[in-house]
Amino acid sequence: MKNILVISTSLRAHSNSEALADEFARGASEAGHEVEKITLRGKDIHFCKGCLTCQKTQRCVINDDAPAIVEKMHDADVIAFASPIYYYEMSGQMKTLLDRANPLYPSDYRFRDIYILTSAAEDESTTPERAVTGLTGWIDCFEKARLAGTVFAGGVNDPSEIKNHSVLTEAYELGKNIKA
């Protein structure tokens with residue numbers, strides 16, 4: 001059994017990317033894994049100051065909701081990020097969280113497999129490429145981690161528009177097929 005953290009980065013209620021997160025989490029849970037889902041909606045997360053104090057202390061100097069999330073990231077075996085695609089890139093709040101996860105860099109983090117689940121109004125297969133590349137840049141800083149999988153739901157814009165989209169099954173199966 002693995003400890004899986006699913007982070008939904010959309011700030012919109014009933015978002016399409018959060019539906020992907022829910023299906024991934026459901027699949028992983030049904031496969032017997034311990035799953036926790038966090039949403040950034042309603043969280044107070046400030047921009048990184050770039051002071052690098054965290055590189056010495058493994059703690060951020062900013063007192064907001066990010067350190068608790070970063071601690072959960074540290075202890076997870078698997079992390080799945082769910083993000084809407086904004087201007088062909090990950091959401092700003094996801095990028096801000098990745099920047100704030102800087103205390104993980106010198107730590108003995110547990111995560112190995114990272115997933116990204118994305119949705120967008122655009123439906124070209126290339127739409128999520130920059131978001132995936134951005135996350136891969138973060139992953140590349142963690143030599144024990146790898147991008148383990150991606151899911152993209154294109155052609156969905158309005159809240160809950162993804163409801164009958166076939167890619168929900170793909171997100172579920174991706175979570176369900178995580179090996180113990």
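Because the structure is predicted, anything quoted here is derived from the model rather than measured. Each residue takes its place number in the sequence, starting with 1.
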| said: Please report the interatomic distance OG(Ser160) to CZ(Arg12), rounded to the nearest 0.5 Å. | reply: 8.5 Å

| query | Which is it for Phe152 and Glu170 under the side chain to side chain contact (heavy atoms under 4.5 Å, CB included) test, yes or no, and what are the steps along the way? | reply | CA-CA 9 Å; Phe152 171 61; Glu170 189 178 335; over 6 Å; no

| query | Are Ile178 and Met73 joined in one hydrophobic group, where the rule is that I, L, V, M, F, W and Y side chains link up if heavy atoms are under 4.5 Å apart? | reply | no

| field | salt_bridge(Glu18, Lys37) N-O dist < 4.0 Å | value | yes

| field | Glu23 side-chain N/O to Thr169 backbone N/O, donor-acceptor pair under 3.5 Å | value | no

| query | Would you say Ile4 and Phe81 are hydrophobically clustered, going by side-chain heavy atoms of ILVMFWY under 4.5 Å? | reply | no

| message | Check the orientation of Phe111 and Tyr109. Use parallel for under 30°, tilted for 30 to 60°, and perpendicular for over 60°. | response | parallel

| Presence of salt bridge, Glu34 and Lys2, under 4.0 angstrom | no

| Would you say the side chain of Ile79 lies within less than 4.5 Å of the side chain of Asp113, judging by non-hydrogen atoms? | no

| query | Is there a path of hydrophobic side-chain contacts, each under 4.5 Å between heavy atoms of I, L, V, M, F, W or Y residues, that connects Val6 with Val70? | reply | no

| remark: Closest heavy-atom pair, Ala25 versus Val35, reported as atoms and distance to 0.1 Å, is CB-CG1, 3.7 Å

| request: Could you tell me whether the side chains of Tyr88 and Glu129 share a donor-acceptor contact shorter than 3.5 Å? | output: no

| message | Do Ile116 and Thr118 make a side-chain contact, defined as non-hydrogen atoms from C-beta onward lying under 4.5 Å apart? | response | yes

| query | Rounded to the nearest 0.5 Å, what separation is found between the SG atom of Cys60 and the NZ atom of Lys49? | reply | 8.0 Å

| Any side-chain heavy atom of Ile114 within less than 4.5 Å of one from Arg146? | no

| said: I want to check something: taking the side chain as every heavy atom from C-beta on, are Tyr105 and Cys141 in contact at a cut-off of under 4.5 Å? | reply: yes

| field | Common cluster, Ile62/Met94, ILVMFWY with side-chain heavy-atom separation under 4.5 Å | value | no

| note | ring pair (Phe, Tyr, Trp, His ring centres under 6.0 Å) pairs touching residues 13-61, sequence neighbours excluded, are Phe24-Tyr115

| said: For a quick test of reading the model, state the closest non-hydrogen atom pair linking Ile45 to Ala66 and the distance between them. | reply: CG2-CB, 4.0 Å

| request: Flag yes if Ile162 and Tyr86 sit in one hydrophobic cluster, no otherwise; membership is Ile, Leu, Val, Met, Phe, Trp, Tyr, and two members link when side-chain heavy atoms are under 4.5 Å apart. | output: no

| Basic-acidic side-chain contact under 4.0 Å: Lys176, Glu173 | no

| request: Hey, could you give me the CD1/CD1 distance between Ile7 and Ile38, rounded to the nearest 0.5 Å? | output: 5.5 Å

| message | For a side chain to side chain contact (heavy atoms under 4.5 Å, CB included) check, start with the C-alpha distance between Leu97 and Leu40, then their side-chain angles and the critical distance, and finish with the verdict. | response | CA-CA 9 Å; Leu97 179 64; Leu40 298 188; 4.2 Å; yes

| request: Show your working on side chain to side chain contact (heavy atoms under 4.5 Å, CB included) between Leu104 and Phe142 and close with a plain yes or no. | output: CA-CA 9 Å; Leu104 296 173; Phe142 298 93; 3.8 Å; yes

| Is there a side-chain contact between Glu161 and Asn16 (heavy atoms, below 4.5 Å)? | yes

| Take atom CG in Asp44; do more than 12 heavy atoms of anything else shown fall under 6.0 Å from it? | yes

| Nearest atoms (heavy-atom pairs only) where Ala13 meets Pro159 | O-CB, 4.0 Å

| request: Kindly compute the distance separating CG (Leu135) from CG (Leu98), expressed to the nearest 0.5 Å. | output: 6.0 Å

| message | What verdict does the salt bridge (charged side-chain N to carboxylate O under 4.0 Å, His left out) test give for Asp99 and Lys95, after you've listed the backbone C-alpha separation in whole Å, the side-chain angles of each residue and the deciding distance to 0.1 Å? | response | CA-CA 6 Å; Asp99 290 347; Lys95 175 63 170 110; 2.5 Å; yes

| Note: Asp77-Arg110 ion pair, threshold 4.0 Å (strictly below) | yes

| task | Provide the closest heavy-atom pair for Ala21 versus Ser8 in the form atom of the first, atom of the second, distance. | result | CB-CB, 4.4 Å

| request: For atom CD of Glu71, decide whether the heavy atoms of other residues, nucleotides or ligands shown that lie under 6.0 angstrom number more than 12. | output: no

| message | If I take atom OG1 from residue Thr127 and atom CD from residue Glu89, how far apart are they, to the nearest 0.5 angstrom? | response | 12.5 Å

| Shortest non-hydrogen contact from Asn3 toward Asp75 | ND2-O, 3.1 Å

| Salt bridge present between Lys43 and Asp64 (N-O < 4.0 angstrom) | no

| Hey, are the side chains of Pro67 and Arg100 touching, using non-hydrogen atoms and a 4.5 Å cut-off? | yes

| request: Would you indicate whether the side-chain heavy atoms of Arg41 and Gln93 approach each other to under 4.5 Å? | output: no

| Taking side chain as C-beta onward, heavy atoms only, is Pro84 less than 4.5 Å from Thr9? | yes

| field | From CG (Leu52) to CG (Asn102), nearest 0.5 Å | value | 6.5 Å

| query | Got more than 12 heavy atoms from elsewhere within 6.0 Å of CZ, Arg59? | reply | no

| query | With a 4.0 Å cut-off, would you call Asp108 and Lys144 a salt bridge? | reply | yes

| For Ser17 and Ser83, what are the C-alpha separation, side-chain angles and deciding distance, and is it a side chain to side chain contact (heavy atoms under 4.5 Å, CB included)? | CA-CA 6 Å; Ser17 61; Ser83 179; 5.6 Å; no

| remark: When every non-hydrogen atom of Ala131 is compared with those of Ile85, the smallest separation belongs to CB-CD1, 3.6 Å

